[in-house]
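Labels below follow one simple rule: chain letters A, B, ... track the order of the sequence lines, proteins then strands, and each chain is numbered from 1.
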Amino acid sequence: MDFRSIAHRYSTLLTPNSQTLARAVHAHILTSGFRPSPYILNRLIAVYCKSSNIRYARRVFDKIPQPDIVARTTLLAAYSSAGDVKLAKQVFRATPMSMRDTVSYNAMITAYSHGRDGHAAVWLFVEMKRKGFFPDSFSFSSVLGALSMIADEEKHCKQLHCEVVKCGVGNVTSVLNSLISCYVNCASSPLVSSSLVMGSARKLFDEMHERDELSWTTMIAGYVRSDDLGAARKLLDGMTEKIACAWNAMISGYVQHGFYNAAFELFRKMHLMGIQLDEYTYTSMISAASNAGFYKCGRQVHAYILRTEAQPSEHFILSVHNSLITFYTKCGKVVQAREIFNKMPVKDLVSWNAILSGFVNARCIEEANSIFKEMPERNLLTWTVMVSGLAQNGFGEEALKLFNQMRLEGLEPCDYSYAGAIMSCAVLGSLDNGKQIHSQVVRLGHDSSLSASNALITMYARCGLVESAYTVFLTMPYVDSISWNAMIAALAQHGRGVEAIQLYEQMLKEDILPDRITFLTILSACSHAGLVKEGRHYFDSMSACYDITPGEDHYARLIDLLCRAGLFSEAKNVTDSMPFESGAPIWEALLTGCRIHGNFELGIQAAERLFELMPQHDGTYIILSNMYATLGQWDEVARVRKLMRDRGVKKEPGCSWIEVENMVHVFLVDDAVHPEVQAVYKYLEQLVHEMRKLGYVPDTKFVLHDMESEHKEHALSAHSEKLAVVYGIMKLPLGATIRIFKNLRICGDCHNAFKFISKVVGREIVVRDRKRFHHFKNGQCSCGNYW
DNA sequence: GTAGGGTTAG
């Protein structure tokens, strides 16, 4: 067979799906010196482009001495869909003016549009007209897509609408679809009245002579985007054709707005009506199940897919499995999620990010870390998930390090990333860092972001500056229930229970619905302030007014509230009426109350139960041993100590820290490590002398009970919180508030001592311990000794 | 040779 006939056969066989043949032809060209016609070369480029083999396409292209406009446009379009605007532009620029035509302009406009550069696209559209090219329906579809990105006023859409009509494509369905989509996008701009613009879109839709799948889908998705689910549903119900995309848009709208039951109802209807369910339907439904916590429903969807999809496409497998990973992790089934992830034949970035955040949410930080290291590629989301995951799990330092590293790698953090960094500062109590990040947030315009601002509220509160937290809260352009919860929690942690309750009441007045977290917060606010009646009232309102079933955590806080107030019989009534067995949180609350009120009988009972439920928890042993010590039952003290030793339980060492000039200084009990600790001891000695003059008597009871301190007199002055406070007095500017942090609860003697210190040195001391804040000022503590 | 919608990761 000669070359000519081979060429002929190739040209008929080179369909877009014949990649193998394309390689054969290519090889033939390279090895035999065969010079195919431009037509064959163009086909070859097209086949390579179709199969995303752009590098081969480029090699063929570069071999052509004078590529024609078809070859150039094919390559340009391939770069465009691969998202490589730079190379697309290169090809376009290299095309001589005399060769260019409308199609090549259209392709380049689309390339800009894919590269999210709406201005460049519109500019090229204008240039193309100036150069005398007449825009066709493709030009309008492309430029309208670009315009959607930059138009924030209806008049922009209207302008192009006029041109569409002038150019005679005002009746072309595809152009009208793009135009509708343009109006729809514009409707989400804050500068326009959404209902007015949606009205214009709808008018176009109603006046169309012919509506295709896209018209219906665009219009329905448009209503969904402008939060008008009712209009979307009405349109869907009036649709006679069976258009899966339109149904998918509606379902996804329900899911995004949290109407999970409506989504499932529509899903069933879709199935009953015989509309083809596809990966888009399934992913939405699975995500509905994960968000709503409908484990059974999700399993059913999963099982249904396995039963019905015999030949799923690669795209189907990928997207469905990606959403399944999230589903299983959100339902607490990390093992299943991992299994699905491991078995996936092809993984993309979404899969990796899904499993990563699954581990992060399940608090499996080690696994998350190894996934993060293993990932073949990372994006902004990856880093953000990891930063906030580390922060949420208490690894503030690691989180901040990672945040800085992501910036070094040239990634521009988004508001969520900043929220993670701010939370790290909250965990560390690093006000200097927090303030710095706050100013960056403002500079970058992220201060209107909910996630960043909510994190700022928490950060300021946890660094001891409730007023700054309040300022953030009050200056937010809009707030959500998380903002309210954060602010109420801020007041609660600082013992300002009455204000916390007032804020909660205001939240109700503003028609914000409280959630489970709100009640946890408000109950502990009542607990810290001794507001028993109010606490009971709010607890009862949960199921009565808000249809929220109190969980074990809510019961535990109620019991904490009652026991702190010494109401043990009431607490018992509550535990008896609980719909479940008392777990560890309940017994812990009881034990805390018993410790405060010296109710040893019940306390010992609670402690013994806790030994069974969480044998590795150091706190129980310490409280129990202290109780026995107070009773003088030294045999029992010894027994508890032995039990602790035998079980290998280690007491978490007390440690306190303070920030001075952007540096965190850490002190341990009996610290000998900090370079300036000798000076600190010396200063403390002088201070105690002054304090004694005012009536301070060291309370040796606390030493007696401290299982780690063998040397009484010294141990008292060597508690880490004292060292940190003294260091602050020595190093911070005169009059500045001393803010220190402790990993455990503050010791009773230190609490007493700080009252005296605040008076002697005339400074405010703020202590954040494991549970709450203490503000010492002028010999008083804000907790009113109720802690 | 060129366009436009519905999904999954916080």
For residues 313-321 of chain A, which side-chain N or O atoms pair as donor and acceptor with protein atoms under 3.5 Å away, sequence neighbours left out?
| from | atom 1 | to | atom 2 | distance (Å) |
| --- | --- | --- | --- | --- |
| A:Ser313 | OG | A:Phe316 | N | 3.1 |
| A:His315 | ND1 | A:Glu279 | OE2 | 2.7 |
| A:Ser319 | OG | A:His315 | O | 2.9 |

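The side-chain hydrogen bond (donor to acceptor under 3.5 Å, both in side chains) check on A:Ser483 picks up A:Asn454, A:Asp480, with sequence neighbours excluded. Residues satisfying the salt bridge (Lys or Arg N to Asp or Glu O under 4.0 Å) test with A:Arg233, not counting sequence neighbours, are A:Asp237, A:Glu265. Judged as a salt bridge (Lys or Arg N to Asp or Glu O under 4.0 Å), and not counting sequence neighbours, the contacts of A:Arg58 are A:Asp62. Residues passing the side-chain hydrogen bond (donor to acceptor under 3.5 Å, both in side chains) test with A:Asn171: none are found, sequence neighbours excluded. Taking the side-chain hydrogen bond (donor to acceptor under 3.5 Å, both in side chains) definition, one finds that A:Asp227 meets it with A:His257, sequence neighbours left out. Legend: residues meeting side-chain hydrogen bond (donor to acceptor under 3.5 Å, both in side chains) with A:Thr73, ordered by chain and number and at least two apart, are absent. Remark: A:Arg225 pairs with A:Asn185, A:Ser188 by the side chain to side chain contact (heavy atoms under 4.5 Å, CB included) rule, at least two apart or across chains.
Residue contacts shown for A:Ile243 are absent, as no nucleic acid heavy atom lies under 4.0 Å away. Base contact: A:Asn379 has a heavy atom under 4.0 Å from a base atom. Using a 4.0 Å heavy-atom distance criterion, A:Val103 is classed as a base contact. Looking at heavy-atom distances under 4.0 Å, A:Ser174 makes contact with a base. Using a 4.0 Å heavy-atom distance criterion, A:Asp278 is classed as a base contact. Nucleic acid contact class of A:Ser252 (heavy atoms, under 4.0 Å, all strands): sugar-phosphate only. When heavy atoms are screened at a 4.0 angstrom cut-off, A:Cys414 is found touching base atoms of the nucleic acid. At a threshold of 4.0 angstrom between heavy atoms, the contacts of A:Asp101 include nucleobase atoms, whether or not backbone atoms are also involved. Residue-level contact check: A:Gln392 touches neither bases nor backbone, having no heavy atom under 4.0 Å from any strand.
With no hydrogens or angles considered, no side-chain donor-acceptor pair links A:Tyr416 and A:His446 at under 3.5 Å.
In this structure a side-chain-to-backbone donor-acceptor pair under 3.5 Å is present from A:Thr110 to A:Asn106.
Contact check of residues 72-89 of chain A against DNA chain B (heavy atom, cut-off under 4.0 Å) returns A:Thr73, A:Thr74, A:Ala77. Residues from residues 106-114 of chain A that place a heavy atom under 4.0 Å from any atom of DNA chain B, listed by number: A:Asn106, A:Thr110, A:His114.
Pairs passing the ring-ring contact (aromatic ring centres under 6.0 Å, His included) check and including a residue from residues 167-188 of chain A, sequence neighbours excluded, do not occur.
The nucleotide range of DNA chain B contacted by chain A, defined by atoms under 4.0 angstrom from heavy atoms of the protein and reported 5' to 3', is B:dG1 to B:dG10.
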